Chemist: 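Quick one: this structure, given as structure tokens, is what I'll be asking you about.
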Amino acid sequence: MNDPIAFLDLPRQQARLKDSIRRRVDAVFDHCRFVLGPEVEELEHRLALYGGAKHAIGVSSGTDALLMVLMAEEIGPGDAVFLPAFTYTATAEVVLLLGATPVFVDVDPATFQISISSLSARIAAVIEAEELEPRAIIGVDLFGQPAPWDELRAMAKLHDLVLIADCAQSFGGSYHGHKLGHEAIATTLSFFPSKPLGGYGDGGAILTDDDERAALYRSLRTHGEGKTRYEVERIGINGRLDTIQAAVLLAKLDAFDDELTRRADIADAYDAAMPDGVQSPVRVPNSESAWAIYAILLRDRHERDSLQVFLKNAGIPTAVYYPKPLHHQPAYAEHHDGASLPVSEGLGERVLALPIHPELTDQEVKRVTDAVVQWAEQQAS
Ligand SMILES: *Cc1c(COP(=O)(O)O)cnc(C)c1O
């Protein structure tokens, strides 16, 4: 029958880009500056331009980017950091690593982005309880679409909170006609291989317009070094981006816009084909998604599981992001105040991510849509 489709197709990506990637990596082997070599600086320059930010700092991962941004704000014990319950664990774990408390916020049932009304209620509850000091909001561009940044900025201003943008899934996407990358005081990126701009290993970046913060991030990623190498001004981490990763990413960046166009075309084809009872992603107005994830919504867990099995049997892989909201995860439950976040709690039973990556052929896209339609017909009869 048909060969299985890949959820992420790195071999095909290699075949398409390996010449340009190898040229870049060979140059690193020639100069041997494996730590903070010239490719890191070149990539930082291009990322800043791309995201419309004054500075970009290459770091070891998207998680370390978030960690260093919080460290720079001196977030610690007694501080509350507001973030969505429906996101990847990395957004929240860094808060706990610093001894601060993540305060989970519910998400919008249509777009899955952080809910402003829930955020407002959660901030009010923390203020009233007088146990934690509200310090920061981490907005997450879930699945590649933008969070409601205008409202988040207003909320941060109203309560004097630091606003941080977790753009791990959305770099390449745009909002109100400009690329994402400067919606908040600091923006964090991830180059994990499955992200829209994926490297061949771990990597990340921090974007900011603020000169002082940029200098702090550079210090933090090199063990808190001061003006000279062995002057330790603050506690930092080993949080640098490898030169080899930067070289891979420079080659990937050349192909990035074409890949984004391909992802968007696949999303359009999926949207157009989804039958009744299978909801395609609700688009955030005035935005273009980076389409890290294309998540459809089924009526209930039974139908979601049934479609997932049906597709698996047709050689089509799917994934569930995220089966359990963070406040229900064992590691976070004891840090949660018990508030119910009903949208986040329900979504995990009904979402299903279809393969969306630039290597999919038109024929494969049609195989996916045909299978979903066939499943729906079978359900109806
Ligand atoms: C992937 C991801 C991260 C973490 O990035 P890494 O580079 O894997 O550390 C953080 N936040 C979100 C929303 C992510 O999807």
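Quick note: residue numbers are just sequence positions, from 1. In each ligand, atom 1 is the first atom listed, and ligand 1 is the first ligand listed. As the structure is a computational prediction, the values presented were derived from the model and not from experiment.
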Chemist: Determine whether more than 12 heavy atoms belonging to other residues, nucleotides or ligands lie under 6.0 Å from atom CZ of Arg22.
Modeler: no
Chemist: Examine the side chains of Asp257 and Tyr50 and answer whether a donor and an acceptor come within less than 3.5 Å of each other.
Modeler: yes
Chemist: Test your reading of the model: is there a side-chain donor-acceptor pair from Glu73 to the backbone of Leu70, 3.5 Å cut-off?
Modeler: no
Chemist: What atoms of ligand 1 come within less than 4.0 Å of a heavy atom belonging to Thr91?
Modeler: 11 (N), 13 (C)
Chemist: Any idea which heavy atoms bring Ser306 and Trp375 closest together, and the distance?
Modeler: OG-NE1, 2.7 Å
Chemist: If the cut-off is 4.0 Å to any non-hydrogen atom of Ser61, which atoms of ligand 1 fall inside it?
Modeler: 7 (O), 9 (O)
Chemist: For Asp268, which of Arg263, Arg262, Arg283 qualifies under salt bridge (charged side-chain N to carboxylate O under 4.0 Å, His left out)?
Modeler: Arg283
Chemist: Can you check whether Ser190 has an N/O within less than 3.5 Å of an N/O in ligand 1?
Modeler: yes
Chemist: For atom 1 (C) of ligand 1, find the nearest protein heavy atom and state the residue, atom name and distance (0.1 Å precision).
Modeler: Lys195 NZ, 1.6 Å
Chemist: How close does the nearest protein non-hydrogen atom get to atom 11 (N) of ligand 1, and which residue and atom is it?
Modeler: Asp166 OD2, 2.7 Å
Chemist: Within a distance under 4.0 Å of any heavy atom of Ala90, pick out the atoms of ligand 1 and give their elements.
Modeler: 3 (C), 4 (C), 10 (C)
Chemist: Could you tell me if the ring centre of Phe191 sits under 6.0 Å from that of Phe171?
Modeler: no
Chemist: Specify side chain, backbone, both or neither for Ala168, according to which of its non-hydrogen atoms lie closer than 4.0 Å to ligand 1.
Modeler: side chain
Chemist: For Gly62, counting its heavy atoms only, list the atoms of ligand 1 lying under 4.0 Å from any of them.
Modeler: 5 (O), 6 (P), 7 (O), 9 (O)
Chemist: Tell me the protein heavy atom at minimum distance from atom 9 (O) of ligand 1, and give that distance in Å.
Modeler: Thr63 OG1, 2.5 Å
Chemist: For His178, does the NE2 atom have more than 12 heavy-atom neighbours from other residues, nucleotides or ligands under 6.0 Å away?
Modeler: yes
Chemist: Honestly curious: do Ile316 and Met274 fall in one hydrophobic cluster under the side-chain, below-4.5 Å linking rule?
Modeler: yes
Chemist: State whether the shortest distance between N or O atoms of Tyr322 and N or O atoms of ligand 1 falls below 3.5 angstrom.
Modeler: no
Chemist: With only distance considered, is Gln169 within less than 3.5 Å of ligand 1 through an N or O on each side?
Modeler: yes
Chemist: Does an N or O from Tyr88, backbone or side chain, lie closer than 3.5 Å to an N or O of ligand 1?
Modeler: no
Chemist: Can you confirm, on distance only, whether ligand 1 has an N/O atom lying under 3.5 Å from any N/O atom belonging to Val140?
Modeler: no
Chemist: May I ask you to identify, for Thr87, whether its side chain, its backbone, both or neither come under 4.0 Å of ligand 1 on a heavy-atom basis?
Modeler: side chain
Chemist: How about Phe104 and Phe86: are their ring centroids closer than 6.0 Å?
Modeler: no
